[in-house]
Structures are given as C-alpha cells and as structure tokens.
Amino acid sequence: MVKAERVCKRFGSVEVLKGIDLEVQSGEVMCVVGPSGSGKSTFLRCVNHLEKVNAGRLWVDGQLVGYRQKGDKLYELREKEVAAQRRDIGMVFQRFNLFPHMTALENVMEAPVRVKGENAKEVRIRAGELLDRVGLGAKSGSYPAQLSGGQQQRVAIARALAMKPKLMLFDEPTSALDPELVGEVLDVMRDLARDGMTMIVVTHEMGFAREVGDSLVFMDDGVVVEKGVPLDVLTSPQHQRTKAFLSKVL
Amino acid sequence: MNAKDDQVTVGEPETIRAVPVRHPGRWVAAAVVAVLVAMLVNNLLTNEAYNWSEQWKYLFAEPVLNGVRNTIWLTLAAMVGGVLLGIGLALMRLSANPLLRWAAWLYLWIFRGTPLYTQLLIWGNIGALFPALGIGIPFGPQFASWETNALYSAAAAAAIGLILNEAAYMAEIVRAGILSVDPGQQEAAHALGMGRMLTMRRIVLPQAMRVIVPPTGNETISMLKNTSLVTAVPYLELTFTAQTIYSSTYQIIPMLIMACIWYLALSSVLMIGQYYLERYYAKGSVQGDAGRGLRARLVGGSGGAA
C-alpha cells in the first residue's frame, strides 16, 4: 500500500529524513516510535504530500506521491491532482484540527459534499453513522469547543473516514490528550484496525503498538534504526539506540 | 479542645459583614462631571445661536434628505467595493508570486501614504490627467475612445476615490484575519483533498471573519464620516448640503449641528448592525466579546450578560 525508497527531506540545511526505506502492506498497522525530532511526523506528512520529498521515491497504492514520471523525468503534479491523491488518504492530527465554525456533523460532512460532490442528504446519514461508530452519535450538533479533547479526536477520525480512505495516517493522535481520555481514542483506532484498515500510527503508546500493531518501526535522527514485530522490538531490541530509547519510555 | 472551639466548628460559617472601603475620589469625580453636564444642558437650552427651530425646519427638508441618501449610498458603495478589492489585495499580499506581492505593497504604500482629502481632489480633477478614456491594445491601436468628463460624474469620482482608499485599509485587515487562522486548519483541509480556493472559501475566510468583522465595523463607521470629505470632488452629500444651505442662510452652526445629528443617528444604526454581525461570526467559539449584551457593547462598561 505504501512504499518508501530512500526518502530524504531537508528543511533548509537541516536534514530531517536521511533515506527512509519502508513498506506497508494492505491491511497492515504500522506503528512508528522514536524520540521527538527523529523525523517520524515528517515522514508521515510526506506520505500525503503535506511536505515535499527532496530525494527518493514514495508510492501510495502504486501511485507516485506528488509527481508523475515520464521516462526518467519527474513532473510536479498540479494542485488538483495532489488533492485527488489526498482524497484516498485520511489523516488525524495531534491537535485534532477540527473546523471550529462547524458542528461535529458538519465537520464530517464537509469533504464528501464539497470535494467529492456527494449528495448532502446521503452524506448526512453516513456521517451520523460514522459519529455513532466513534461513540458520538449524541454529539453531532456540538461545536468542537464544546467537546473534550478525546471527543474532538474521535470526531476527527470520523471526519477522515467519511472520505472512505484506503490508508489512515495518525500523527501522535493521543499526545495532546489528558491521560484519562487516551483510552477512548485508542479504542476507536483498535476497532478500525480490526476492520482491516491500513494504518500508519506515529505514537508514544507502546502498549497500543504491542497489542494492535503488525509492525513496529523505531526511528532516530532521520533514519529507520529497527523494524520488526512489535513484541520482539519492544522486548529484545537489537540496536543500542533502540534499547536506550525504550529504557526511557517503558 | 474546649467547649468554645466546638461551637465555632459546628454549623454554617458566619457570613462576613465587613465595612466596605470608602471611595471619596468617586464622589469628587461624579460631582465634577455633574457640573459639566449641567453647564452643557444649560448652554444647549439658553444659547440662541443653536437656533433649534431653524434646525428642525431643515432636518427633514428635501435637500437634506437627498444629502443623507447620498451619504448612505456612498458609505455602502465604498465599503462593499473596498472589502472586495481589499480581499483581492490581501490575497495578492499573501501570494507565492513575488510580482503580485510587490504590486499590492506598492498600492498600499500609495493609498495609505497620501491623505484621503488630497486623493479625492485628484479624482475630482482626473479629467485633466486623462482627457479621454479608450479601449484598445496597450501601447497599440485604440478601438474606441470617449471624453472623460462625459463618462465620469461627481458621484463616480466620489465613489472611486473612497473605494480605492478603503481597499488599502481593508487589505491589511483581511490579511491579518487570514494570518490569524491556525495553519493546522489549512493542513486539515488539504489532507481531506480540498483545494486551495475551496479551503480559503470554506475553512479559512469564515474563521478569519471573526477577526475581520470588528475592525470592518469600525471602518464602516469611519467611512460614514469620511464621506464628508467628498466635498473635495465636489459631491452633494450631507455635509456639503449643509454648507450649501448655510451659505445662503448664514445659519452656520445650526446646519452643522443638524448634520451631526444625522451622522449620530446613522452611526448608531451601524453600531447595532455590527453587534449582530459579530455575534453571528462568533459561532463555535466559547468565550468572546460577543457574549456580552447589546447594551453593554454600545454603552461600554462591565455590565451586560456577565
């Protein structure tokens, strides 16, 4: 579903990603852990072209992200084509980024109606079902400011799901939450994984990674240090850096 | 522990009845203000120069009503045109194209750096600069051409002058509004597959409105009064009408005060409109000034729906 080949990303003179090679199979849940500044969020943002890759190649569902290749020449995609690629990729942000001037239901309805031009009546029904699915059917008329952090993040997940994505990206979805609210968001993500959604989850929740993840990637300083089955990586890390990191967070 | 201690801990604590702090300064200030108000009222009632009956005679006279109508439409035209052009300039200022950014900056530099009165004088005499207006290819042949003064009226000069000036100020207000929206909002919209224009229209501008509306209301109230400067064109709005009347009746102060009464009435209507507009765009925000009542907003102070 996702394939990264020697992906590099620079911000000015700072090299944030130094050649990432990764592959995510359809239906796989890949958790990415690592210290802050290791480039894990940047990698996630490259996958839906919120950041432009400087070198290397990145494919989602067989399509090159952000470019079209003809012979050995790369052509930048037009804004519309980039937008079309993003439609199939859902993203959930650390700070939720719900649209504050819309109710929960309107947040979920916005993209299917405005981007895909779907019938508003049908979308309204589906959006209601999605809010039910994340346990917020009763809150559909609330504005984001009236919801707790955990509730907002669940609305954000429903909003991403409304576009029927093939791939879901989670950028530290529970890091901005009060501890007692983390569980409700992880529950929704666990259900999603059980339903077979392909997911890349940047997280600090090692318990979630072990229980739900099919694979675990440890990143540090812009490179993938270690990748494997979560239980193996967490209990018997092969690299010194992984050991040092895990000893701090576990 | 003795019996006395027990008594204190049993039951409700005693309500505090302390002697409040005295504020003698407030009484002095109130007395000063009261005397000044009394002097003003006395002057308004006894000074013959106000000539209230003369004012009353003209307040709803047809020439004055015509001036009021012109003031109102000029204000509306200047604000609608200024907001639309201002949005365009703001988007140019935020554009990725350096030439557009530079052109917008140049526009702002000229129109904010010169007085409105002087600009209006120029628009009133533009025929001297461009005697004829035509349609054609730039630097090439012309297909048709008209004499400027035939196309151009005082009303057009007044409206154009006010619109172009207002656009420069609105551009900065709109730009500040757009920049006030969390960049995460645009990212979230883009991640959902929304294009730049759609994101601007559906996500960024509606949120920017909360920042844009209050200063725009102030701009509208300023504009209502700035229309009086189009006497420079000259165009017959409220103040110029008052001037034409007193130039034949010599009742200068009564006519000017009559004009002020109209301006006050109109700006009061605008203030009420601004309140409802701000309340509408505060949708989805928990706190905010708009939570205060209408009376508190208009009169000020800490009263209202607290």
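So that the names make sense, note that chain A is the first sequence line, chain B the second, and so on, each numbered from 1. The figures here come from the full heavy-atom set of this structure, side chains too, leaving out hydrogens, waters and symmetry mates.
- Side-chain atoms of B/Gln185 come within 3.5 Å of backbone atoms of A/Leu98 as a donor-acceptor pair (strictly under, hydrogens ignored).
- Note that CG of B/Leu192 and CD of A/Glu110 are 8.5 Å apart. Values are rounded to the nearest 0.5 Å.
- Interface remark: A/Arg114 contributes backbone and side-chain atoms alike to the contact with chain B (heavy atom separation under 4.5 Å).
- Across A/Arg159 and B/Ala188, no two heavy atoms sit closer than the pair NH2-CB, 3.5 Å.
- For the pair A/Glu79 (side chain) and B/Arg196 (backbone), a donor-acceptor distance under 3.5 Å is present.
- To the nearest 0.5 Å, atoms CZ (B/Arg202) and CE (A/Met102) are separated by 4.5 Å.
- Proximity to chain B involves both the backbone and the side chain of A/Phe99, based on heavy atoms less than 4.5 angstrom apart.
- Summarising the local packing, NZ of A/Lys9 is surrounded by more than 12 heavy atoms from other residues, nucleotides or ligands at distances under 6.0 Å.
- We find the CZ-CD distance between A/Arg45 and B/Glu187 to be 4.0 Å, quoted to the nearest 0.5 Å.
- Here B/Gly193 is the residue among B/Gly195, B/Pro206, B/Gly193 with the most heavy-atom pairs under 4.5 Å with chain A.
- Residue A/Leu50 holds its CG atom at 11.0 Å from CD of B/Gln186, rounded to the nearest 0.5 Å.
- Using a 4.5 Å cut-off between heavy atoms, A/Ala83 contacts chain B through both its backbone and its side chain.
- For B/Ile203, the parts lying near chain A are the backbone and the side chain together; criterion is any non-hydrogen pair under 4.5 Å.
- Residues B/Gly184 and A/Asn97 approach most closely at O-ND2, 3.0 Å, considering heavy atoms.
- Looking only at distances, no side-chain donor or acceptor of B/His190 sits under 3.5 Å from a matching main-chain atom of A/His49.
- Residue A/Arg10 qualifies as open at atom CZ: its count of foreign heavy atoms under 6.0 Å is 12 or below.
- Heavy atoms of other residues, nucleotides or ligands lying less than 6.0 angstrom from CH2 of B/Trp102 number 12 at most.
- Enclosure of atom CZ in A/Arg78 is not indicated, since only 12 or fewer non-hydrogen atoms of other residues, nucleotides or ligands lie within 6.0 angstrom.
- Between chain B and the options A/Val115, A/Asp88, A/Val82, heavy-atom pairs under 4.5 Å are most frequent for A/Val115.
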